[in-house]
Amino acid sequence: MVGQGVLRECLLAEDVTSVLTLGRKATGQQHAKLQEIIPKDLGDLSAIADKLSGYDACFFCLGVSVAGMTEEAYRRVTYDLTISVAETLVKLNPEMTFIYVSGTGTDSTEQGRMMWARVKGATENALMRMPFKAAYMFRPGYIQPLHGIRTKTKWYAAFYAVMAPLFPVWKLLFPKYVTTTECVGRAMLNVTRHGAAKQILENPDINGLCRNKV
């Protein structure tokens, strides 16, 4: 869902000249500056390495729900896959800005009780040690999908259907904890263009960067 929102903002941005998506499924989008690759194995990009150089940024939005997963399985998708992709990209694009979508509550100490937060924290820490031009960790809270964007997870979809009419209220009452797919996408572009004062960006930071407050 986040990836759909980020892609929309990239395709709308006049200063973005080329977009390459890597994913498990096709986006369903058609655009003059969009290319899509569906690798056989996202954890091993060696077969398409020749197509991955010359890019200014990677917006890593892929993730899974922790529900029903063991720590080993969740770590394999959340940590191992992310780091494998990042290691490939940093070799090919040392001047790249890498932006990783994490989440509110991520545990930078890697020692907390919440399994998902520990794994996300370990992923963030590993990414920030890599020799990218810059690496930023986005920690959004509740994300409201806009512009017809939908989650592919059924119970999430039901939740968002209920929440959508209430979003203006939540935004008014809890502005520090809510954002939108549009805002996340715009913030990513602004961080790539101008940088940010810190590497870990919480929900209020994302909303500020969406408005180009860097």
Side-chain angles (χ1 to χ4, degrees), residues 1-21 27 29 31-34 55-63 82 86 89 93 95-108 117 120-121 123-125 127-128 132-151 156-157 159-214:
M1 185 186 75
V2 176
Q4 293 176 62
V6 175
L7 176 59
R8 178 183 184 273
E9 298 308 314
C10 288
L11 295 178
L12 288 172
E14 293 183 359
D15 58 346
V16 176
T17 58
S18 179
V19 179
L20 173 66
T21 65
T27 66
Q29 300 276 348
H31 196 282
K33 59 185 178 183
L34 174 64
Y55 288 92
D56 299 303
C58 172
F59 300 153
F60 196 96
C61 305
L62 187 147
T82 306
L89 291 179
N93 305 277
E95 292 301 305
M96 172 178 277
T97 295
F98 193 98
I99 299 180
Y100 175 65
V101 179
S102 185
T104 295
T106 293
D107 178 14
S108 297
K120 285 280 191 179
T123 307
E124 287 186 347
N125 291 337
L127 290 170
M128 289 188 288
F132 286 105
K133 173 186 175 182
Y136 299 99
M137 310 299 117
F138 270 45
R139 294 184 176 181
Y142 172 82
I143 304 172
Q144 179 64 39
L146 300 180
H147 309 297
I149 290 169
R150 295 176 179 272
T151 177
Y156 278 175
F159 174 74
Y160 281 119
V162 173
M163 290 294 295
L166 300 174
F167 179 68
V169 177
W170 293 121
K171 186 177 180 181
L172 181 64
L173 295 176
F174 308 106
K176 291 184 179 180
Y177 303 104
V178 300
T179 188
T180 66
T181 50
E182 178 181 274
C183 202
V184 172
R186 290 182 179 180
M188 285 187 176
L189 287 169
N190 282 332
V191 168
T192 301
R193 294 176 181 120
H194 309 297
K198 53 188 178 181
Q199 285 184 285
I200 296 177
L201 300 166
E202 302 284 355
N203 200 84
D205 302 312
I206 294 168
N207 286 337
L209 289 160
C210 172
R211 298 185 290 270
N212 204 24
K213 294 180 180 179
V214 297

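In this chain, numbering begins with 1 at the start of the sequence shown.
Inter-residue side-chain proximity for Gln29 and Arg8 is flagged as unmet; no heavy-atom pair is nearer than 4.5 Å. Considering only heavy atoms from C-beta on, Arg139 comes within 4.5 Å of Glu124 through its side chain.
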Exercise for the section: List the steps, then state whether side-chain contact (heavy atoms from CB on, under 4.5 Å) holds for Lys198 with Asp205. Expected result: CA-CA 10 Å; Lys198 53 188 178 181; Asp205 302 312; 3.2 Å; yes
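Heavy atoms of other residues, nucleotides or ligands lying less than 6.0 angstrom from CG of Asp56 number 12 at most.
The one candidate from Thr104, Val101, Val2 that meets the side chain to side chain contact (heavy atoms under 4.5 Å, CB included) condition with Pro140 is Val101.
With rounding to the nearest 0.5 Å, the separation of OG1 in Thr27 from CG in Leu34 is 5.0 Å. Rounded to the nearest 0.5 Å, atoms CD (Glu202) and OH (Tyr177) are 10.0 Å apart. The CZ atom of Phe98 sits 11.0 Å away from atom CG of Asn93, with the distance rounded to the nearest 0.5 Å. A distance of 10.0 Å separates CZ in Arg186 from OG1 in Thr181, rounded to the nearest 0.5 Å. Rounded to the nearest 0.5 angstrom, Phe138 CZ and Ile143 CD1 are separated by 10.5 Å.
Under the rule for a side chain to side chain contact (heavy atoms under 4.5 Å, CB included), the partners of Ala117 that lie at least two apart in sequence or sit in another chain are Asp107, Met114.
Counting only residues at least two apart or in different chains, side-chain hydrogen bond (donor to acceptor under 3.5 Å, both in side chains) contacts with residues 11-20 comprise Asp15-Arg193.
The pair Glu95-Lys133 does not count as a salt bridge, with every side-chain nitrogen at least 4.0 angstrom from each carboxylate oxygen.
Of all non-hydrogen atoms in Cys10 and Val16, the two that sit nearest each other are O-CB, 3.5 Å. What you find for Leu189 and Ala13 is that their closest heavy atoms are CD1-CB, 4.0 Å.
Between the side chain of Asn207 and the backbone N or O of Val178, at least one donor-acceptor pair lies under 3.5 Å.
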